Amino acid sequence: MSAYSDKNVVITGGGSGIGLAMAELLVDGGARVVITGRSQPTLDTARKRLGENVIAVRGDVAQLSDLDVLADRVKGEFGTVDALFVNAGITRTMPFESTTEQFYDDLFATNVKGAYFTVQKLAPLLSAGAGVVLTTSIANVMGLEEAGVYAAGKAALRSMARSLSRELLPRGIRVNAISPGPVDTGTLEKTMTAEAAEQFKAQRVAANPMRRFGTPDEIARAAAFLAFDATYTTGTELAVDGGASQL
């Protein structure tokens, strides 16, 4: 029997990067997976790559109406959910002096509000013993330049892992957080110039104790451990960062 046979899983932001790696790991292990994202072409590509055990639902976690649609679809397809990976997020930086209200609101709407209400809307479908994993970031403890808004949102998720753990514990549901360090998912090239992205990567590699970036698969395997195997663990944050936030 495969490791995740008969498991029903939902992954927000599952069309690319870390979320896609999570989906691939779980599907390969026998799970049935719903992935979400804002880009239909990205979801279509992921669905084709992942195969028939994946359902792709387009939606924006910052829009509660989209989360209602997601919950209804998941209920109709699965009935109950064994693991929820709250992974959808925006990675953007901006200098403190030039940060705009719109920039702030956009990041918090997706990274914080979207995460909170994703759990709220899908909580009624979580089975006893289910695992919820929130994707935070080592930025929440590092004090990185130009990342104040992003880091604050990820710190809110760290707090949320604790409070939601307490809220859902009476139902036997565990809530934990995975905290990735530098991972090369191609996101930087979409938000920076090629030169700036290469410079940023070089700085992060030089500062990392392991002198390298992590891979999406390494983050996915750690997240799956929290969701399925860490049965005596709740409210914690697991740093998967090459030691960057620890050494």
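Just so you know, these numbers come straight off a predicted model, no measurement behind them.
Under the side chain to side chain donor-acceptor pair (under 3.5 Å) criterion, Asp72 pairs with no residue at all, not counting sequence neighbours. Residues passing the side chain to side chain donor-acceptor pair (under 3.5 Å) test with Ser163: none are found, sequence neighbours excluded. For the ring pair (Phe, Tyr, Trp, His ring centres under 6.0 Å) test, residues two or more places apart in sequence or in another chain that qualify with Tyr104 are Phe108.
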Side-chain polar contacts of residues 147-161 - donor-acceptor pairs under 3.5 angstrom, sequence neighbours left out - could you list them?
{"unit_1": "Lys154", "atom_1": "NZ", "unit_2": "Thr135", "atom_2": "O", "d": "3.0"}
{"unit_1": "Arg158", "atom_1": "NH1", "unit_2": "Gly235", "atom_2": "O", "d": "3.0"}
{"unit_1": "Arg158", "atom_1": "NH2", "unit_2": "Gly235", "atom_2": "O", "d": "3.3"}

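Glu146 has its side chain out of reach of Phe96: every pair of non-hydrogen atoms, C-beta onward, lies at least 4.5 Å apart. Contact of the Leu125 side chain with the Thr80 side chain is not registered, since no non-hydrogen atoms from C-beta on lie closer than 4.5 Å. You'll find the side chain of Gln102 reaches within 4.5 Å of the side chain of Asp106, heavy atoms only. Ser245 has its side chain within reach of Asp241: a pair of non-hydrogen atoms, C-beta onward, lies under 4.5 Å apart. Looking at Pro182 and Asn208, their side chains come closer than 4.5 Å, going by heavy atoms from C-beta outward. Side-chain atoms of Leu67 and Val61, non-hydrogen and from C-beta on, do get closer than 4.5 Å to each other. Counting heavy atoms from C-beta on, the side chains of Val57 and Ile55 come closer than 4.5 Å. Residues Leu134 and Val119 meet the side-chain proximity criterion, which asks for heavy atoms closer than 4.5 Å.
Remark: the Glu237 side chain and the Asn140 side chain contain an N/O donor-acceptor pair separated by less than 3.5 Å.
Members clustered with Met210: none, using a 4.5 Å side-chain heavy-atom cutoff among hydrophobic residues. Hydrophobic clustering, defined by side-chain heavy atoms of Ile, Leu, Val, Met, Phe, Trp and Tyr closer than 4.5 Å, groups Tyr4 together with Val9, Ile11, Ile18, Leu20, Met22, Leu26, Val27, Val33, Ile35, Leu43, Leu50, Val54, Phe85, Val133, Ile178, Val183, Ile219, Phe225, Leu226, Phe228, Leu238, Val240.
Listed for the Asn111 side chain is a donor-acceptor partner under 3.5 Å among the backbone atoms of Ile90. At least one donor-acceptor pair under 3.5 Å links the side chain of Ser179 to the backbone N or O of Ile138. Under a 3.5 Å cut-off, the side chain of Thr99 and the backbone N or O of Pro95 do form a donor-acceptor pair. Of the possible polar contacts, none joining the Thr110 side chain to the Leu107 backbone as a donor-acceptor pair under 3.5 Å is found. For the pair Asn87 (side chain) and Gly14 (backbone), a donor-acceptor distance under 3.5 Å is absent. At least one donor-acceptor pair under 3.5 Å links the side chain of Thr12 to the backbone N or O of Ala88.
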* Step by step, would you call Val132 with Arg174 a side-chain contact (heavy atoms from CB on, under 4.5 Å)? -> CA-CA 6 Å; Val132 177; Arg174 297 170 298 103; over 6 Å; no
* Verdict with supporting geometry, Gln63 and Asp60, side-chain contact (heavy atoms from CB on, under 4.5 Å) -> CA-CA 6 Å; Gln63 302 296 323; Asp60 183 350; 4.0 Å; yes
* For Leu164 and Tyr116, what are the C-alpha separation, side-chain angles and deciding distance, and is it a side-chain contact (heavy atoms from CB on, under 4.5 Å)? -> CA-CA 9 Å; Leu164 292 176; Tyr116 186 91; 4.3 Å; yes
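In Arg166, the CZ atom is not crowded: 12 or fewer heavy atoms of neighbouring residues, nucleotides or ligands sit closer than 6.0 Å.
Paired with Arg32 under the rule side-chain hydrogen bond (donor to acceptor under 3.5 Å, both in side chains), one option of Asn53, Asp82, Asn8, Asp6 passes, and it is Asn8. When each of Val175, Ile173, Leu126, Val34 is checked for a side chain to side chain contact (heavy atoms under 4.5 Å, CB included) with Leu84, only Leu126 meets the rule.
Heavy atoms only, all atoms of each residue included: Ser2 and Gly29 are closest at CB-O, 2.9 Å. Smallest separation of non-hydrogen atoms from Phe213 and Lys201: CE1-O, 3.5 Å. Pairing each heavy atom of Gln40 with each of Arg58, the nearest pair is OE1-CB, 3.2 Å. Considering every non-hydrogen atom in both Leu122 and Ala71, the closest pair reads CD2-CA, 3.8 Å. Contact detail for Leu144 and Ala139: the closest heavy-atom pair is CD1-CB, 4.2 Å.
Linking Ile, Leu, Val, Met, Phe, Trp and Tyr whenever their side-chain heavy atoms come within less than 4.5 Å leaves Val141 and Val112 in two separate clusters. Val81 and Leu168 fall within the same hydrophobic cluster, defined by Ile, Leu, Val, Met, Phe, Trp and Tyr side-chain heavy atoms under 4.5 Å apart, directly or through other members.
To the nearest 0.5 Å, the span separating CD on Glu167 from CD on Gln120 amounts to 10.5 Å. Atom NZ of Lys75 and atom CG of Leu70 lie 13.5 Å apart (nearest 0.5 Å). Atom CD of Gln203 is separated from atom CD of Glu145 by 9.0 Å, given to the nearest 0.5 angstrom.
Salt bridge Asp217/Arg221: present, at least one basic N to carboxylate O contact under 4.0 Å. By the 4.0 Å N-to-carboxylate-O rule, Glu218 lies close enough to Arg212 to be salt-bridged with it.
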